[in-house]
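Whatever order the structure lists them in is the order used to number ligands and atoms, beginning at 1.
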Amino acid sequence: MVQALQRKLASIDVSDPHLYQDDTWRPLFEQLRRDDPVHYCEASPFGPYWSVTRYDDIFAVELDHETYSSSSELGGIQVTDQPKGQERVSFIRMDPPGHTAQRRTVAPIVAPSNLANFEQLIRKRTSDVLDALPRNETFDRAERVSTDLTNMMLATLFDFPWEDRMKLSWWSDVAIANVDSPDAVVHSEDERYEEMVKMGECFRKLWNARADAPPTFDLVSMLAHSPATRNLQTREFIGTIGLLIVGGNDTTRNSMSGGLMALVENPEQFELVRARRELIPNLVSEIIRYHTPVLHMRRTARHDTELAGRHIAKGDKVVMWYISGNRDETKIDRADEFVIDRAKPRQHLAFGAGIHRCVGDRLAEMQLRILWEELLKRDLTIELAGPPIRLYSNFIRGIRALPVRIVN
Ligand code: HEM
């Protein structure tokens, strides 16, 4: 009996992207949280790695950045190692002090005081996008709403040429593509790197122009003028722009799609928020927890250590599965259910924690809040018109297409 369980546990590899493409990850994580919460997978296509699956253990790893490093040189932040020579270095793949100075450079643009300045603009754009949607006709909600709105937001943050803004989601797709997937947007690391270099060239032109001009309040100008970032070399430059694009794009757009699915699948919760609009901020947090757009972050142990009774050796890969921590029943009541009136809706791990906690969390919440305020104001009846197409990835919980119909 015990041996059978051990054999079963030894065979579990939650890094398999099929689990997320097919949406079949739940029972495996449930078992790991119960029977082997810090689990060693000896053989995976990405090499051996530890899975941290419980809320409190994930939190402990997040807070101990001296033991658990994000450094690109040690392997970075994904279970998949970056190809040698093509590492995309950026501050998410750094430890202090480099991380601290670069994060401080970009943080002001998403500070609460500045977000208030964006609110009207986001509301106007959201309204325009919603008012242009077809009625009684199937369309791809992921493309027409989620991708469009996040591209507009990013174009504003970068002060990127408006007419070219679709390039931003393209580069985001390229940056996170799993090159082994037949429907990936790029099919080799070299192809990915070529696209990233094109992105770098495009941004370098904007950067040079802004570096020569007085500072303005956009991400490119802020990076070009800050002593911490103004001399970034090519690879770090590409990495930093790529981080901001993926950070601001993939996560928010997938929460926009995932949230609609959760509400349509839980009609009583839809009714609840229709009746009590003051629950919208809670709804937003619950969407982000329930969807968990970033499936994991990885760290590398700088020295031997213990975690929940397991011995972790120097150099081991340690993967924090947010998707699992956010379903941990010992921490979150009815964790597997979508409940918009929870007592502590912001208690989740979808934004990470500690020094790398998402810098754009309040912006993402604001974008989602406005989207739901405007959607509910219009009292639209939205039906799913087919199953979603999910991304083949063990890093981003992506919804590539979401066919829907508005029937009123
Ligand atoms: C629902 C939307 C979002 C989710 C779920 C999300 C999730 C995350 C997660 C899990 C991390 C890593 C945290 C850690 O390692 O502890 C992160 C970091 C980051 N996010 Fe987000 N994010 C979202 C939106 C955004 C937006 C809108 C932006 C920018 C405009 C952004 C920019 C970043 C950046 C720059 C980092 C790196 C922070 C650091 O290393 O210090 N994110 N995000």
Side-chain angles (χ1 to χ4, degrees), residues 52 58-65 68-72 76-78 88-111 114-115 118 122 146 149-158 160 168 172 176 218-219 222-223 228-229 239-259 284-299 318-323 325-326 346 348-369 371 395-399:
V52 188
I58 293 173
F59 215 79
V61 172
E62 289 274 19
L63 295 194
D64 187 1
H65 57 265
Y68 299 102
S69 168
S70 299
S71 164
S72 195
I77 51 143
Q78 293 186 38
R88 277 172 279 145
V89 186
S90 69
F91 63 90
I92 200 170
R93 292 185 171 90
M94 282 182 198
D95 298 325
H99 164 262
T100 322
Q102 292 202 11
R103 178 178 166 115
R104 270 193 202 136
T105 298
V106 300
I109 200 156
V110 280
N114 193 46
L115 291 186
F118 285 136
I122 297 176
S146 314
L149 283 176
T150 39
N151 273 335
M152 289 179 186
M153 189 69 240
L154 265 186
T156 304
L157 294 181
F158 283 119
F160 190 79
L168 298 169
S172 187
I176 60 132
D218 62 83
L219 281 171
M222 288 160 106
L223 289 163
T229 46
T240 307
I241 299 292
L243 162 64
L244 294 165
I245 292 179
V246 174
N249 197 316
D250 256 299
T251 51
T252 316
R253 76 169 129 147
N254 288 314
S255 308
M256 289 180 176
S257 300
V284 165
S285 291
E286 180 66 351
I287 286 172
I288 295 170
R289 178 194 75 86
Y290 192 74
H291 186 70
T292 310
V294 179
L295 293 163
H296 80 263
M297 282 280 159
R298 166 255 177 112
R299 302 289 187 254
V318 179
V319 180
M320 303 175 282
W321 291 100
Y322 300 133
I323 187 78
N326 276 345
R346 295 193 91 237
H348 65 72
L349 291 165
F351 288 125
I355 60 167
H356 287 280
R357 183 186 157 92
C358 178
V359 79
D361 57 352
R362 297 288 179 174
L363 172 63
E365 287 173 345
M366 184 167 96
Q367 286 177 270
L368 288 164
R369 171 174 61 73
L371 175 60
F395 186 60
I396 295 290
R397 189 161 180 230
I399 297 171

Within the 4.0 Å heavy-atom cut-off, what Val294 brings close to ligand 1 is side chain
One should read off an interatomic distance between Leu63 CG and Ile58 CD1, to the nearest 0.5 angstrom, of 12.0 Å
**Any donor-acceptor N/O pair, Asn326 side chain to Leu349 backbone, under 3.5 Å** = yes
If we number the atoms of ligand 1 from 1 as shown, the ones under 4.0 Å from a heavy atom of Tyr322 are 10 (C), 13 (C), 14 (C), 15 (O), 16 (O)
the protein heavy atom lying closest to atom 35 (C) of ligand 1 turns out to be Val359 CG1, 3.4 Å
The answer for which part of Ile355 has a heavy atom under 4.0 Å from ligand 1 is backbone
of all protein heavy atoms, closest to atom 3 (C) of ligand 1 is Thr251 CB, 3.2 Å
d(His99 NE2, Ser69 OG) to nearest 0.5 Å is 11.5 Å
Taken to the nearest 0.5 Å, the spacing of Leu244 CG from Leu157 CG works out to 9.0 Å
A student checking ligand 1 against His99 at a 4.0 Å heavy-atom cut-off should list atoms 39 (C), 40 (O), 41 (O)
If you scan protein heavy atoms around atom 1 (C) of ligand 1, the nearest is Ser255 OG, 3.3 Å
Note: ligand 1 atoms sitting under 4.0 Å from heavy atoms of Pro293 are 5 (C)
Near Ala364 (heavy-atom distance under 4.0 Å), the atoms of ligand 1 are 1 (C), 2 (C), 24 (C)
Going by the 4.0 angstrom heavy-atom rule, the piece of Arg298 near ligand 1 is neither
Q. For ligand 1, is there an atom lying under 4.0 Å from some heavy atom of Arg93?
A. no
Near Ala353 (heavy-atom distance under 4.0 Å), the atoms of ligand 1 are 16 (O)
Test item: Met256 and Gln367 side chains (from C-beta on) under 4.5 Å apart, heavy atoms: yes
Would you mind reporting whether Met153 and Ile122 have side-chain heavy atoms less than 4.5 Å apart? yes
Quick note on ligand 1: atoms under 4.0 Å from a heavy atom of Gly360 include exactly 26 (C), 27 (C), 28 (C), 31 (C)
re atom 20 (N) of ligand 1, the protein heavy-atom contact at minimum distance is Cys358 SG, 3.3 Å
In short, Pro293 meets Ser255 closest at the heavy-atom pair CG-OG, 3.3 Å
A student comparing His356, Met366, Met256 should find that the heavy atom closest to atom 40 (O) of ligand 1 comes from His356
Open item on the list: When you compare the side chain of Met94 with that of Phe91, does any pair of heavy atoms fall below 4.5 Å?
Closed with: yes
Filtering Arg103, Met320, Arg253 for the heavy atom nearest atom 38 (C) of ligand 1 leaves Arg103
shortest atom 10 (C) of ligand 1-to-protein heavy-atom contact is with Ala350 O, 3.2 Å
min-distance protein heavy atom vs atom 16 (O) of ligand 1 -> Glu62 OE1, 2.8 Å
Atom 26 (C) of ligand 1: closest protein heavy atom, distance to 0.1 Å, is Gly247 O, 3.3 Å
>> Using only atom types and a distance under 3.5 Å, with no angle test, would you say the side chain of Arg93 pairs donor to acceptor with the backbone of Arg88?
In response: yes
- Query: For the side chain of Thr229 and the backbone of Leu223, is there at least one donor-acceptor N/O pair under 3.5 Å apart?
  - Reply: yes
Can any side-chain N or O of Asp218 pair as donor or acceptor with the backbone N or O of Thr156 at less than 3.5 Å? no
Aromatic contact between Phe395 and His296, with the criterion being ring centroids under 6.0 Å apart: yes or no? yes
Logged contact type for Met297 with ligand 1, heavy-atom cut-off 4.0 Å, is side chain
**Asked** Are side-chain N/O atoms of Ser257 and Ser146 paired as donor and acceptor at under 3.5 Å?
**Response** yes
### Query
Does an N or O anywhere in Arg299 fall below 3.5 Å from an N or O of ligand 1?
yes
Q) Is it true that atom CZ of Arg357 has more than 12 heavy atoms of other residues, nucleotides or ligands lying nearer than 6.0 Å? A) yes
Judged by heavy atoms only, the candidate from Ile92, Ile396, Ile287, Asn249 nearest atom 37 (C) of ligand 1 is Ile92
Closest to atom 30 (C) of ligand 1 among protein heavy atoms sits Leu157 CD1, 3.6 Å
The answer for which part of Met153 has a heavy atom under 4.0 Å from ligand 1 is neither
